Amino acid sequence: MAIRKSNKLPQSAVLKQILKRCSSLGKKHEYDDDVLPLDVPKGHFAVYVGEKRSRYIVPISFLAHPQFQSLLRQAEEEFGFDHDMGITIPCEEVVFQSLTSMIR
């Protein structure tokens, strides 16, 4: 049995990486001169959820909530953060909507 080396970053580094990448979302959206999607308000970021990869705009304040952080850890484990589409959350849309309605 091979021992797998963990390349886990500290939580603060992961959150910084998420914030840095949250604006590099799908290439279909219009962008301003700073390469930010025009439809994502300041203080928010987009995530993709469910089998259909539905796009949700969520406030950055969600990053402070343990339940949302748990979703981000699952996303990192399943998809990683090094891709062009943005953050993909590996859960059903109903579960995501329920969680975000409790966080608000």
Side-chain angles (χ1 to χ4, degrees):
M1 176 162 70
I3 297 176
R4 192 170 136 184
K5 182 180 175 184
S6 176
N7 59 352
K8 298 278 183 185
L9 296 172
Q11 184 176 5
S12 62
V14 170
L15 293 177
K16 285 179 184 176
Q17 184 180 30
I18 291 167
L19 288 172
K20 186 176 179 182
R21 294 193 53 83
C22 69
S23 297
S24 62
L25 306 170
K27 299 190 188 286
K28 296 182 207 172
H29 305 287
E30 294 185 39
Y31 293 87
D32 66 9
D33 292 338
D34 295 327
V35 192
L36 297 174
L38 294 175
D39 64 338
V40 178
K42 186 174 183 175
H44 292 72
F45 63 103
V47 295
Y48 297 87
V49 181
E51 288 183 24
K52 296 180 182 178
R53 302 291 191 255
S54 299
R55 188 169 185 249
Y56 289 86
I57 308 297
V58 297
I60 288 177
S61 63
F62 279 18
L63 295 174
H65 292 275
Q67 296 90 349
F68 198 79
Q69 290 175 4
S70 176
L71 285 178
L72 292 175
R73 280 191 291 280
Q74 291 174 17
E76 179 185 26
E77 289 173 9
E78 188 164 331
F79 303 112
F81 292 129
D82 190 26
H83 52 86
D84 291 335
M85 186 174 168
I87 299 170
T88 304
I89 305 291
C91 73
E92 295 178 21
E93 282 187 72
V94 172
V95 173
F96 181 79
Q97 291 170 348
S98 176
L99 173 71
T100 56
S101 69
M102 289 187 295
I103 291 176
R104 292 184 193 265

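Values in this document were obtained by computation on a predicted structure and should not be read as measured data.
Taken from CD in Glu77 to CD in Gln74, the straight-line distance is 7.5 Å, to the nearest 0.5 Å. Between Ile87 atom CD1 and Leu71 atom CG the span is 11.0 Å, to the nearest 0.5 Å.
Checking side-chain atoms of His44 against main-chain N and O of Lys42 turns up a donor-acceptor pair under 3.5 Å.
Judged as a side-chain contact (heavy atoms from CB on, under 4.5 Å), and not counting sequence neighbours, the contacts of Glu93 are Val49, Ser54, Tyr56, Gln97. Checked against side-chain contact (heavy atoms from CB on, under 4.5 Å), Ser98 has the following partners two or more places apart in sequence or in another chain: Met102.
Between Ile89 and Leu72, the closest side-chain pair of non-hydrogen atoms falls below 4.5 Å. Contact annotation: the side chain of Val58 approaches that of Phe96 to within less than 4.5 Å [non-hydrogen atoms, C-beta and beyond].
Applying the 6.0 Å contact sphere to CD of Glu92 captures no more than 12 heavy atoms from other residues, nucleotides or ligands.
Between Ile103 and Phe68, the shortest heavy-atom distance links the atoms CD1-CB, 4.1 Å.
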